[in-house]
Amino acid sequence: MHIAIIGTGYVGLVTGACFAEFGVFVTCVDKDKSKIEKLKEGIIPFYEPGLEDIVKRNYKGGRLNFTTNIQEAVEESLVIFIAVGTPPRGDGSADLKYVEEVATEIAKNMTNYKVIVTKSTVPVGTGFKIKEIITKNLKKPVEFDIVSNPEFLREGSAVEDFMRPNRVVIGAERPQAIAIMKDLYRPLYLIETPFVITDVLTAELIKYATNSFLATKISFINEISHLCEAVGADVKTVAKAMGLDGRIGPKFLHAGLGFGGSCLPKDTMALVKIAEEKGVNLGIVKAAIEANRRQKERLTHKILEAFNGSVEGKTIGILGLAFKPNTDDIREAPSVYIVNTLLEKKAIIKAFDPAAIENFKSMYSEIQYCNDAYEVAKDADALVIVTEWNQFRNLDLERIKKIMRSNLFFDYRNIYEPKRLKDLGFIYHSVGRC
Ligand code: UDX
């Protein structure tokens, strides 16, 4: 089978490369010429473990191709995935201009039956909007189906998530489209992946509901972490015991600096907006967004408090800038809020991240970027763990203690044992533990 993926951003490239790995012939299309040229050379525009290898191997094997020519890609493909961005507008709703542009382009180049699939996270109802756009722009009457097939890829584990997903969701109107989609995902049938076959609107909503629920779980435990600090309880043990209840589960109950990234913040806001447009009040999702904002604010305030309100001229070391480990993505990262606040209060910032420094540099040039955690710690008045990269989990703490100017340690991902750090002589702050 031949398929086309329009948009070689994060979702599009992972999807294209992984389908090629399944043995499907994939053409990835993007209007950005230099990006396409680089991809042909095996240069991936972002950091994602395992992806480069798959891209290079399948490009060499002739199953994965890159082009700027949408016409050719549409002509030779039975299934066309739309995987372009849906950036948030000022009011939190998703901007569909790229999706609409692509739908128009596809329509203009359609000469026979196609299945048009949305992979991008799009507001409920977008599938039907795409159907309208395509019908309006067809040059001659051609049959086609629209499908919603949302992605659930986590940055940093996207290849694994694609190859071994918890489920595949397919929303379609007609059996023919469902059969083609099932055929495309056949390798996952073999490993008994659950398939949820439903209508287009339900599939579109599943993605938003999933991400909003995950965000709610994180915000819930973050609120409980605040209460733990107030009463002297331990949030890690609370979360562990809660998670052992099979109805709750242990995942997404790690208290920390709140959720960031390109999906959870954007999708929660978009869902609230979608609901408002229909006159529905999603109070819980709104509260999750608000709790997330408060968590970042509260933990940043704790740093200021430790300096009696004034960090002017103090050197603060930041360990981790990416919104989570194994990615170079800094979108909505808690690091941005913390660094911004501390810089406003005239602190001197030193920072290290194994992957995200280049991205951070484009926003903040006034920071001292370091080569490792020890360079950050040298002469620092405080150290803040913002992202739980593995290499921060086993630091030589005695060495850190010796090279720091002061002894303030903010472990905002709860990596270390409070007693051990206190015994080493640090003034240790974590999240929801005393
Ligand atoms: C998410 C969804 O998991 C994925 O299915 C979807 O397709 C895209 O959005 P991603 O944004 O890559 O993936 O990151 P994820 O691993 O879900 O983490 C999201 C945020 O929540 C991160 O900022 C992370 O640090 C935070 N988080 C996660 C917590 O604070 N505590 C937790 O227990 C789990």
Side-chain angles (χ1 to χ4, degrees), residues 9-12 14-15 18 46-49 51 83 85-86 94 118-122 148-162 164-169 203-204 206-225 235-236 238-240 242-243 248-271 288-289 291-296 299 320-338 353 355-356 385-389 392 411-415 430-432:
Y10 190 82
V11 171
V14 172
T15 305
C18 291
F46 49 82
Y47 177 88
E48 183 60 41
L51 187 60
T86 53
T118 47
K119 250 301 172 210
S120 308
T121 303
V122 291
S148 165
N149 172 218
E151 53 83 19
F152 299 97
L153 309 171
R154 286 166 304 165
E155 289 184 28
S157 353
V159 173
E160 172 72 13
D161 284 351
F162 193 97
R164 267 171 281 277
N166 291 160
R167 77 309 210 178
V168 172
V169 174
E204 288 171 340
I206 286 169
K207 175 60 195 279
Y208 282 106
T210 303
N211 275 353
S212 296
F213 188 79
L214 292 172
T216 305
K217 235 181 144 180
I218 298 168
S219 277
F220 181 87
I221 201 65
N222 281 339
E223 279 199 338
I224 295 293
S225 77
V235 77
K236 267 191 137 173
V238 172
K240 186 177 171 199
M242 280 176 68
I248 297 174
K251 294 187 179 157
F252 278 69
L253 278 183
H254 300 288
L257 272 157
F259 56 81
S262 66
C263 291
L264 266 47
K266 178 164 88 85
D267 293 353
T268 42
M269 301 266 279
L271 188 61
I289 297 169
N292 199 51
R293 191 191 60 74
R294 280 199 310 267
Q295 185 76 350
K296 281 188 287 198
L299 295 180
L321 298 168
F323 83 94
K324 67 171 195 177
N326 299 321
T327 176
D328 62 358
D329 197 341
I330 57 163
R331 281 175 288 178
E332 301 288 329
S335 61
V336 175
Y337 179 82
I338 296 181
D353 185 284
I385 297 185
V386 176
T387 317
E388 67 279 33
W389 283 92
F392 301 148
D411 174 7
Y412 279 168
R413 294 292 175 180
N414 286 348
I415 293 176
S430 56
V431 186

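One-based numbering, in listed order, for ligands and for the atoms of each. What's counted below: heavy atoms across the whole structure, side chains too, no hydrogens, waters or symmetry copies. Residue numbers count from 1 along this sequence. Keep in mind it's a predicted model, so treat the numbers as computed, not measured.
Remark: ligand 1 atoms within the under-4.0 Å shell around heavy atoms of E155 are 12 (O). Per-residue contacts place L253 under 4.0 angstrom from the following atoms of ligand 1 (heavy atoms of the residue considered): 33 (O). Close approach to K207 involves these atoms of ligand 1, each under 4.0 Å from a residue heavy atom: 7 (O). Every atom of ligand 1 with a heavy atom of R413 under 4.0 Å away is listed here by number and element: 25 (O), 30 (O). Numbered from 1 in the order shown, with element, the atoms of ligand 1 that lie under 4.0 Å from a heavy atom of F323 read 11 (O), 12 (O), 14 (O), 22 (C), 23 (O), 25 (O).
For the side-chain hydrogen bond (donor to acceptor under 3.5 Å, both in side chains) condition, the pairs that include at least one residue of residues 251-264, sequence neighbours left out, are E155-S262.
The residue L257 has no part lying near ligand 1, judged by heavy-atom distances below 4.0 Å. Residue contacts with ligand 1 for D267 are absent, since no atom lies close enough (heavy atoms, distance under 4.0 Å).
Minimum heavy-atom separation, F252 to I218: CD2-CD1, 3.4 Å. Smallest separation of non-hydrogen atoms from N414 and S430: OD1-CB, 3.1 Å. Closest approach of G320 to T387, counting heavy atoms only: C-OG1, 3.2 Å.
Within a 6.0 Å sphere centred on OH of Y10, other residues, nucleotides and ligands contribute more than 12 heavy atoms. At most 12 non-hydrogen atoms from other residues, nucleotides or ligands lie less than 6.0 angstrom from CZ of F213.
Ranking the protein heavy atoms by distance from atom 17 (O) of ligand 1 puts F252 CZ, 3.1 Å first. In terms of protein heavy atoms, atom 1 (C) of ligand 1 is closest to L264 CD1, 3.7 Å. Nearest protein heavy-atom neighbour of atom 20 (C) of ligand 1: F259 CB, 3.7 Å. Ranking protein heavy atoms by distance to atom 2 (C) of ligand 1, first place goes to N211 OD1, 3.6 Å. Here the protein heavy atom with the shortest distance to atom 33 (O) of ligand 1 is H254 N, 2.8 Å. The single protein non-hydrogen atom nearest to atom 9 (O) of ligand 1 is C263 CB, 2.9 Å, given as residue, atom name and distance. Nearest protein heavy-atom contact of atom 5 (O) of ligand 1 is F152 O, 3.2 Å. Nearest protein heavy-atom neighbour of atom 3 (O) of ligand 1: R154 CG, 3.3 Å.
One option in K324, K217, R331 has a heavy atom closer to atom 14 (O) of ligand 1 than any other, and that option is K324. With I218, N292, T121 as candidates, the residue nearest to atom 21 (O) of ligand 1 on a non-hydrogen basis is I218.
Among the atoms of L214, none of the N or O lies under 3.5 angstrom from an N or O of ligand 1. Below 3.5 Å of separation, one finds no N or O of S262 facing any N or O of ligand 1. Ligand 1 has an N or O atom lying under 3.5 Å from an N or O atom of L153, backbone or side chain. Considering backbone and side-chain atoms alike, E151 places an N or O below 3.5 Å from some N or O of ligand 1.
Salt bridge annotation for K266-E332: absent, with no cationic side-chain nitrogen under 4.0 angstrom from a carboxylate oxygen. The residues E151 and K207 are annotated as salt-bridged, a charged nitrogen and a carboxylate oxygen being separated by less than 4.0 angstrom.
Residue contacts with ligand 1 include G260, since one or more of its heavy atoms lies under 4.0 Å from the ligand. By the 4.0 Å heavy-atom criterion, G261 is excluded from the residues contacting ligand 1.
No donor-acceptor pair under 3.5 Å is formed between the side chain of T86 and the backbone N or O of V122. A distance-only check finds a donor-acceptor pair linking the side chain of N149 to the backbone of V169 [under 3.5 Å]. Looking at T216, its side chain never comes within 3.5 Å of a backbone N or O of A288 through a donor-acceptor pair. Counting only distance, with no hydrogens or angles, the side chain of N222 and the backbone of G256 share a donor-acceptor pair below 3.5 Å. Between the R413 side chain and the V386 main chain, a donor and an acceptor come within less than 3.5 Å of each other. At distances below 3.5 Å, not a single donor-acceptor pair connects side-chain atoms of Y47 with backbone N or O atoms of A355.
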